[in-house]
Amino acid sequence: MELEFILRIFIASLLGGAIGLEREYRDKAAGFRTHFLVALGSALFMIISVYGFEGVLTGDFNAPIRLDVSRIAAQVVTGIGFIGAGTIIFQKNAVRGLTTAAGVWVTAAIGMACGGGMYLLAVVSTALVLIGLEAFNYLLHRFDKHRTKEQ
């Protein structure tokens, strides 16, 4: 079982790192290391939430007792909200950092999916995040080029 857990955090780290590389390339506040750590930590918290407290109520650590596994996961979401809020800046009547905050938020969800053993969901979500970030960036540049030609 330990090897399965290691695989889960390893895949979470790779997927979070992939999103972080894109953010790093765009020179954003939260880059590779932040996304890598958020995905790794989220996966680890999810594993601990699901498997870390078996047998606690009876004192027998071999007993198949399950507690509410959603409690730690819910706290991960709350904690990530604070990290995301730290990336948002209100400056000169403009809000900056919302995409980075959303990226950290979805990276945590991807890490939690890996921690829960939902690898395909995590991989597809990572691909969609990267496609969304790149497509959005491409469209913005296209609109900017179009707008400058009109002026």
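Residue indices begin at 1 and follow the sequence shown.
The cluster map of Ile, Leu, Val, Met, Phe, Trp and Tyr, joined by side-chain heavy atoms under 4.5 Å apart, puts Met118 and Trp105 in different clusters. In this structure, Val123 is not a member of the same hydrophobic cluster as Leu121, with clusters built from ILVMFWY side-chain heavy atoms closer than 4.5 Å. Side-chain heavy atoms closer than 4.5 Å link hydrophobic residues (I, L, V, M, F, W, Y) into clusters, and following such links, possibly through other members, connects Ile80 to Ile48. There is a path of hydrophobic side-chain contacts, each under 4.5 Å, that joins Phe45 to Ile83. In this structure, Leu21 is not a member of the same hydrophobic cluster as Leu14, with clusters built from ILVMFWY side-chain heavy atoms closer than 4.5 Å.
Residues Asn137 and Leu133 fail the side-chain proximity criterion, which asks for heavy atoms closer than 4.5 Å. The shortest distance between side-chain heavy atoms of Glu134 and Arg26 falls below 4.5 Å. In this structure, Thr99 and Arg23 have side chains that are in contact, with non-hydrogen atoms separated by less than 4.5 Å.
Distance check: Tyr51 OH to Met46 CE gives 9.0 Å after rounding to the nearest 0.5 Å. With values rounded to the nearest 0.5 angstrom, Ile6 atom CD1 is found 12.0 Å from Ile11 atom CD1. Atom CG of Leu37 and atom OG of Ser42 lie 10.5 Å apart (nearest 0.5 Å).
Ser125 pairs in a side-chain contact (heavy atoms from CB on, under 4.5 Å) with only one of the listed residues (Ile110, Ile19, Val106, Leu15), which is Ile110. In summary, of the residues considered (Arg8, Met112, Glu4), a side-chain contact (heavy atoms from CB on, under 4.5 Å) with Ile47 occurs for Arg8 alone.
Minimum heavy-atom separation, Ala18 to Leu130: O-CD2, 3.8 Å. Between Thr107 and Gly103, the shortest heavy-atom distance links the atoms OG1-O, 2.6 Å. Of all non-hydrogen atoms in Tyr119 and Cys114, the two that sit nearest each other are CE2-O, 4.1 Å. When all heavy atoms of Gly16 and Ala39 are compared, the pair lying nearest together is CA-CB, 3.7 Å. Across all non-hydrogen atoms, the minimal contact from Gly84 to Ala101 is O-CB, 3.4 Å. Across Val104 and His35, no two heavy atoms sit closer than the pair N-NE2, 3.7 Å.
Leu120 forms part of a hydrophobic cluster together with Val124, Leu128, judged by ILVMFWY side-chain heavy-atom separations under 4.5 Å.
More than 12 heavy atoms of other shown residues, nucleotides or ligands fall within 6.0 angstrom of atom CG in Leu140. The local environment of CZ in Arg33 is sparse, with at most 12 non-hydrogen atoms from other residues, nucleotides or ligands closer than 6.0 Å.
The salt bridge (charged side-chain N to carboxylate O under 4.0 Å, His left out) test applied to Glu2 returns no partner, not counting sequence neighbours.
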